[in-house]
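Contents: one structure, followed by commentary.
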Amino acid sequence: MERVNTEIVTLTRFLTEEQAKHKEATGDFTLLCHALQFSFKSIAYYIRRATLINLTGLAGSSNITGDDQKKLDVIGNDIFIAAMRSSGKCAVLVSEEEENAILFSEHEGARYAVACDPIDGSSNLDAGVSVGTIFGIHKLAEGSKGTKEDLLKPGTELIAAGFTMYGASAQLVITMKEGTVNGFTMDTSLGEFILTHPDMRIPKKRAIYSVNEGNSHYWADETKAYFESLKNPELNGGKPYSARYIGSMVADAYRTLLYGGVFAYPADKKSPKGKLRILYECAPMAMVFENAGGQALNSRMERMMEVVPESIHDKSGIFMGSYDEIEKVKSFHKSK
Ligand code: AHG
Ligand code: MN
Ligand code: MN
Ligand code: MN
């Protein structure tokens, strides 16, 4: 008789086993992650039904970084704030959709600071393209009650980061400080995230590049030269690189993590500081990519994880991907 697989690791079990590895753990981080998990399940529910219940389209407002807010940006933001508040373990929250940091001062004992992009790739929502939620978790500084300064730290101080992509299925990717990268797939019949991609490692190289070439007129000369070199068959064993660009960072990141290659959103003459935000896009993704064996740099060829954001919505250029592909990026860009 065919035996069924009873060795199913849910995210809940994974977090419990992670906690057991740390004798000093209070369980607060685990409870915070359960609140995160709930927010992903709840956002996925609304994303899947958006077209049916008139939740596509614009909310009629814009956020501090100038993005037009989609209805689902606002709903995803509300869901995430409610989940963090009710967890009782988050002291301060920065969201792409909130101008200022939200301080949950009612939670005396809360020891965590969270940064989030509730809906990443929202410009693609109405077209049914995969979008996602990106998060980064910092621990409060000793004696801090939770202020935005607890988030103005380099990615090297993140204790956990990751994202959930709402694609054909909901895929959660999470990594802890100095840990492995683990991927979970939502089983809607169980209502559980199931460990499907343990210890994800990004391929060392892959001839795929992912960038919005519509910005190439504004790129620095060395950036133009780098991408042109990828298209030259003579420089790549007779076959040019393939171009793959979805326009949702989570989807481009997830493909790059699985297949290898390079994803880039370079700073350019139009956006000298780049477009992507450090706290809730560049730093969390950099942690995932480094922990999977890849690299992530800013446009000055500095390690993305060491960049200290100047403000909670500070931006940066970014190149991230396979280890060898980023070595090639460096060879074209002099460190400034
Ligand atoms: P968000 O939807 O959270 O504002 O993020 C959009 C970002 C990111 O998802 C993507 O990589 C990038 O914007 C795409 O920008 P372009 O449309 O300029 O290529
Ligand atoms: Mn936006
Ligand atoms: Mn985003
Ligand atoms: Mn967003």
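One-based numbering along the sequence shown. As the structure lists them, so they are numbered: ligands from 1, and atoms in each ligand from 1. Note that the structure is a prediction, hence the values are computed from the model and not measured.
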Residues Glu7 and Arg13 bridged, charged N to O under 4.0 Å: yes
Heavy-atom proximity to atom 1 (P) of ligand 1, best of Met285, Lys270, Arg277: Arg277
For Arg255 against Arg244, the heavy-atom pair lying closest together: NH2-O, 3.3 Å
Total protein N, O or S atoms, the Mn ion (ligand 2), separation less than 2.8 Å: 2
Check ion pair Arg85-Glu106 (N to O, under 4.0 angstrom): yes
Under 4.0 Å to a heavy atom of Tyr245 - the qualifying atoms of ligand 1, by number: 14 (C), 15 (O), 16 (P), 19 (O)
Evaluation steps, ring-ring contact (aromatic ring centres under 6.0 Å, His included), between Phe29 and His22: CA-CA 11 Å; Phe29 177 73; His22 304 277; 8.7 Å; no
Shortest reach to atom 13 (O) of ligand 1 by a heavy atom, considering only Glu96, Lys275, Glu213: Lys275
Distance from atom 18 (O) of ligand 1 to nearest protein heavy atom, with residue and atom: Tyr265 OH, 2.6 Å
Single-linkage hydrophobic cluster Val173~Met320, side-chain heavy atoms < 4.5 angstrom: yes
Distance filter under 4.0 Å to Asp117 heavy atoms, resulting ligand 1 atoms: 3 (O)
Beyond-backbone contact of Met287 with Val181, side-chain heavy atoms, under 4.5 angstrom: no
Same cluster (ILVMFWY, side-chain, under 4.5 Å), Leu140 and Tyr112: no
Mutual orientation of the aromatic rings belonging to Tyr209 and Tyr241 [parallel < 30°, tilted 30-60°, perpendicular > 60°]: tilted
Met249 neighbourhood, listing ligand 1 atoms whose heavy-atom distance to it stays under 4.0 Å: 8 (C), 9 (O), 10 (C), 11 (O)
Protein contact of atom 7 (C) of ligand 1 - nearest heavy atom, named by residue and atom, plus distance: Leu276 CD2, 3.7 Å
Ile43 reachable from Tyr280 in the ILVMFWY side-chain graph, under 4.5 Å edges: no
Heavy-atom side-chain proximity of Leu158 to His138 below 4.5 angstrom: yes
Asn212 neighbourhood, listing ligand 1 atoms whose heavy-atom distance to it stays under 4.0 Å: 16 (P), 18 (O), 19 (O)
Flag side-chain contact, heavy atom, 4.5 Å: Lys41 against Phe193: yes
Proximal ligand 1 atoms for Ser248, defined as those under 4.0 Å from one of its heavy atoms: 9 (O)
Atoms of ligand 1 close to Ile119 [distance to a heavy atom under 4.0 angstrom, numbered from 1]: 2 (O), 3 (O)
Atoms of ligand 1, numbered as shown, that sit under 4.0 Å from any heavy atom of Asp67: 4 (O)
Residue, atom name and distance, where the atom is the protein heavy atom closest to atom 2 (O) of ligand 1: Gly121 N, 2.7 Å
Proximal atoms of ligand 1 relative to Ser122 (non-hydrogen, under 4.0 Å): 2 (O)
Close approach, Asp252 and ligand 1, non-hydrogen under 4.0 angstrom: no
